[in-house]
Amino acid sequence: MSGSEVPSPTVPADDPTGLQSFAVLLRRMNSEFNRIAQEFAQAQGLHLTDMQALIAILDADPEAGPMTPGRLRRQLNLTSGAVTACLDRLERAGHIHRVRAAGDRRVVHLHYAEPAKAVARDYFRPLAERTATAMGRFSPEELAVVVRFLRELNAEFALLRGGPA
């Protein structure tokens, strides 16, 4: 991850908490994260789709259980063949492992491999440090509002694609 310092551009001055300002800031944040994720993918010899799959596996909703190839296919909107190829690449590279469910051997659970988690943790440590620095500028109450906003926004975006809120 490159450590270049780029000042954050300003948002529209006429309405700093308006919809357009939020849209601009969210797009910029998404663009920066995508750039960082792409750099990690390239450093690991992965495709961007592989990176998206790793994120989906890592961030799988614990209430829904471990990620499965079928859930991953639906979440990433890929064909079965594309998911299989992606999982094969990730498994060969040591990023994931597949485990058959104890109750039903036909069901496969996808798990992020511990050594790969350590590689990602090391690579993304500067991102975590920058996040912690930014968080330190806010009170716990302000952060609670930010978390609530992000949860609500994610739920609304999930509704757009027909997924669970």
Would you say [X] and [Y] make side-chain contact, with heavy atoms under 4.5 Å?
X: Glu32; Y: Arg28; answer: no
X: His47; Y: Arg89; answer: yes
X: Gln52; Y: Thr49; answer: yes
X: Asn30; Y: Arg27; answer: no
X: Leu143; Y: Met135; answer: yes

Is Leu19 isolated, or which residues cluster with it under the ILVMFWY side-chain rule of less than 4.5 Å, directly or via members?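 Members besides Leu19: none; it forms no cluster.
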[X] atom [atom1]: more than 12 heavy-atom contacts under 6.0 Å:
X: Asp104; atom1: CG; answer: yes
X: His97; atom1: NE2; answer: yes
X: Phe149; atom1: CZ; answer: yes

Rounded to the nearest 0.5 Å, what separates atom [atom1] in [X] from atom [atom2] in [Y]?
X: Arg130; Y: Leu127; atom1: CZ; atom2: CG; result: 10.0 Å
X: Ile36; Y: Phe40; atom1: CD1; atom2: CZ; result: 12.5 Å
X: Gln20; Y: Leu25; atom1: CD; atom2: CG; result: 10.5 Å
X: His95; Y: Gln44; atom1: NE2; atom2: CD; result: 4.5 Å
X: Leu26; Y: Leu150; atom1: CG; atom2: CG; result: 7.5 Å
X: Met67; Y: Ile96; atom1: CE; atom2: CD1; result: 11.0 Å

Side chain to side chain contact (heavy atoms under 4.5 Å, CB included), that's the test. Do Leu78 and Leu72 meet it? Break it down for me. CA-CA 8 Å; Leu78 297 173; Leu72 185 64; over 6 Å; no
Under 3.5 Å side-chain donor-acceptor pair for Arg98 and His109: no
Apply the side chain to side chain contact (heavy atoms under 4.5 Å, CB included) test between Cys86 and each candidate in Leu90, Asp88, Thr84, Val83; give the one that qualifies.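 Output: one option passes, namely Leu90.
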Using the side-chain hydrogen bond (donor to acceptor under 3.5 Å, both in side chains) criterion, which residues pair with His111? Sequence neighbours excluded. none
Heavy-atom closest contact (Gly94 atom, Ala113 atom, distance): O-CB, 3.3 Å
According to the interplanar angle, ranging from 0 to 90°, do the rings of Phe33 and Phe124 count as parallel (below 30°), tilted (30 to 60°) or perpendicular (above 60°)?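 Correct class here is parallel.
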Val107/Arg100 under side chain to side chain contact (heavy atoms under 4.5 Å, CB included): CA gap, chis, key distance, verdict: CA-CA 6 Å; Val107 176; Arg100 296 228 176 250; over 6 Å; no
Report whether Leu153 and Phe22 are members of the same hydrophobic cluster (ILVMFWY, side-chain heavy atoms less than 4.5 Å apart, transitive linking).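 The answer is yes; both residues are in one hydrophobic cluster.
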State plainly whether the residues Glu39 and Arg35 are in salt-bridge range, i.e. N to O under 4.0 Å.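 Looking at Glu39 and Arg35, the cut-off is met.
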Distance-only donor-acceptor hits, side chain of residues 53-66, under 3.5 Å, sequence neighbours excluded:
| unit_1 | atom_1 | unit_2 | atom_2 | d |
| --- | --- | --- | --- | --- |
| Asp61 | OD1 | Glu63 | N | 3.0 |

Let's go through Val99 and Val108 carefully: what are the C-alpha distance in whole Å and the side-chain angles of both, what is the deciding distance for side chain to side chain contact (heavy atoms under 4.5 Å, CB included) to 0.1 Å, and is it a yes or a no? CA-CA 6 Å; Val99 177; Val108 174; over 6 Å; no
